[in-house]
Amino acid sequence: MTKRYDRRAFAFAYLAAQPEYSHGFSDDVCEYNDALKAYRERLLKGLESLFGLELTWDAIADRTDGSALFMLFTSAARKHLEVKASGFLEGGLLVKVLERAGQDGPVLASMSRSNELRDRLWESYADTMELVLGILLGERADAVFTSADLRGIGVDDTEPREREGRF
């Protein structure tokens with residue numbers, strides 16, 4: 001399946017390449033994590049090349065309004081990365097405790113609302129990043145690239161897969 005990369009995908013590639021972005025990494029220190037990190041960095045560099053916009057301070061600051069726009073872009077990225085999930089991956093024991101206390105319904109409803117708000121915050125920050133990228137990209141704002149375009153510049157966009165601690 002051919003992947004398509006628009007400016008929103010470009011924004012998410014920027015997020016995924018940040019050291020603070022841990023989604024998808026294995027809990028074990030392993031070669032897979034190194035491969036995933038390298039893949040994300042490679043994908044971002046490839047998209048920067050295709051879009052003609054390097055997402056760094058040095059590359060953008062000299063452009064008209066570039067420094068202000070890049071500060072907004074990176075601020076939205078930092079805020080996106082700061083929003084954390086609830087931390088409850090396995091709630092079986094927690095639910096039993098809440099049921100015994102007779103508060104499972106209200107507490108779980110409250111947690112659900114928190115998760116919905118978190119998701120809305122993530123989307124809002126991503127929307128901001130996408131809109132700012134549109135300004136920075138100018139005429140290329142609506143460009144869409146594919147896996148074939150990336151391969152054409154020597155970038156393989158196949159994400160590594162984890163298999164039993166090895167990839």
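For the numbers below, each heavy atom of this structure counts, side chains included, while hydrogens, waters and symmetry mates do not. Since this is a predicted model, take the numbers as computed values, not measurements.
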Closest approach of [X] to [Y] (non-hydrogen atoms, all atoms of both residues):
{"X": "G134", "Y": "A141", "value": "O-CB, 3.5 Å"}
{"X": "T74", "Y": "Y14", "value": "CG2-OH, 3.5 Å"}
{"X": "A13", "Y": "L47", "value": "CB-CD1, 3.7 Å"}
{"X": "E54", "Y": "A59", "value": "O-CB, 3.5 Å"}
{"X": "R40", "Y": "A17", "value": "O-CB, 4.0 Å"}

Starting at [atom1] of [X], measure out to [atom2] of [Y] and round the result to the nearest 0.5 Å.
{"X": "W57", "Y": "M71", "atom1": "CH2", "atom2": "CE", "result": "5.0 Å"}
{"X": "Y125", "Y": "F73", "atom1": "OH", "atom2": "CZ", "result": "14.5 Å"}
{"X": "W122", "Y": "L117", "atom1": "CH2", "atom2": "CG", "result": "12.0 Å"}
{"X": "L72", "Y": "S67", "atom1": "CG", "atom2": "OG", "result": "11.5 Å"}
{"X": "L69", "Y": "L133", "atom1": "CG", "atom2": "CG", "result": "10.0 Å"}
{"X": "L121", "Y": "K84", "atom1": "CG", "atom2": "NZ", "result": "13.0 Å"}

What I want to find out is whether [X] reaches [Y] closely enough, with some N-O distance under 4.0 Å, to be called a salt bridge.
{"X": "R118", "Y": "E123", "value": "no"}
{"X": "R120", "Y": "E116", "value": "no"}
{"X": "R7", "Y": "D142", "value": "yes"}

Heavy-atom side-chain contact between [X] and [Y] under 4.5 Å:
{"X": "L50", "Y": "Y5", "result": "no"}
{"X": "R4", "Y": "F145", "result": "no"}
{"X": "Q18", "Y": "L81", "result": "yes"}
{"X": "M129", "Y": "L15", "result": "yes"}
{"X": "H80", "Y": "F12", "result": "yes"}
{"X": "L136", "Y": "D65", "result": "no"}

Inset, instruction - Verify side chain to side chain donor-acceptor pair (under 3.5 Å) between D149 and T146, making sure each step is shown before the conclusion. - result: CA-CA 5 Å; D149 296 316; T146 65; 3.3 Å; yes

Legend entry - Flag for D156-T158: side-chain donor and acceptor within less than 3.5 Å: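 Note: T158 and D156 side chains meet the donor-acceptor criterion.
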
Inset, instruction - Establish, from distance only, whether the side-chain atoms of S124 and D127 form a donor-acceptor pair under 3.5 Å. - result: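 There is no such pair between these side chains.
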
Inset, instruction - Evaluate whether atom CD of E139 has more than 12 neighbouring non-hydrogen atoms of other residues, nucleotides or ligands under 6.0 angstrom away. - result: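 Incorrect, the count does not exceed 12.
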
Any donor and acceptor pair, going by atom type alone, linking the side chain of [X] with main-chain N or O of [Y] inside 3.5 Å?
{"X": "Q103", "Y": "E99", "result": "no"}
{"X": "S49", "Y": "K45", "result": "no"}
{"X": "K3", "Y": "D157", "result": "yes"}
{"X": "E159", "Y": "L36", "result": "no"}

Inset, instruction - Run the numbers on V107 and L94 for side chain to side chain contact (heavy atoms under 4.5 Å, CB included), then give the verdict. - result: CA-CA 10 Å; V107 171; L94 176 63; over 6 Å; no

Legend entry - Working for side chain to side chain contact (heavy atoms under 4.5 Å, CB included), residues I60 and R63: CA-CA 6 Å; I60 294 177; R63 299 167 58 133; 4.3 Å; yes

Inset, instruction - Go through the steps for E48 and L53 under the test side chain to side chain contact (heavy atoms under 4.5 Å, CB included), then give the verdict. - result: CA-CA 5 Å; E48 286 175 332; L53 179 67; over 6 Å; no

Inset, instruction - Using the six-membered ring wherever Trp is involved, compare the ring planes of F10 and F51 and label them parallel, tilted or perpendicular (cut-offs 30° and 60°). - result: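 Ring orientation, 0 to 90° scale: parallel.
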
Legend entry - Single-linkage hydrophobic cluster, 4.5 Å side-chain cutoff, L137 and L43 together: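 Same hydrophobic cluster.
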
Inset, instruction - Group every Ile, Leu, Val, Met, Phe, Trp and Tyr by side-chain heavy-atom contacts under 4.5 Å, then state whether L44 and I153 land in the same group. - result: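 L44 clusters together with I153.
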
Inset, instruction - Check the pair E82, K79 against salt bridge (charged side-chain N to carboxylate O under 4.0 Å, His left out), reporting the backbone distance first and the verdict last. - result: CA-CA 5 Å; E82 288 171 2; K79 293 299 182 186; 3.5 Å; yes

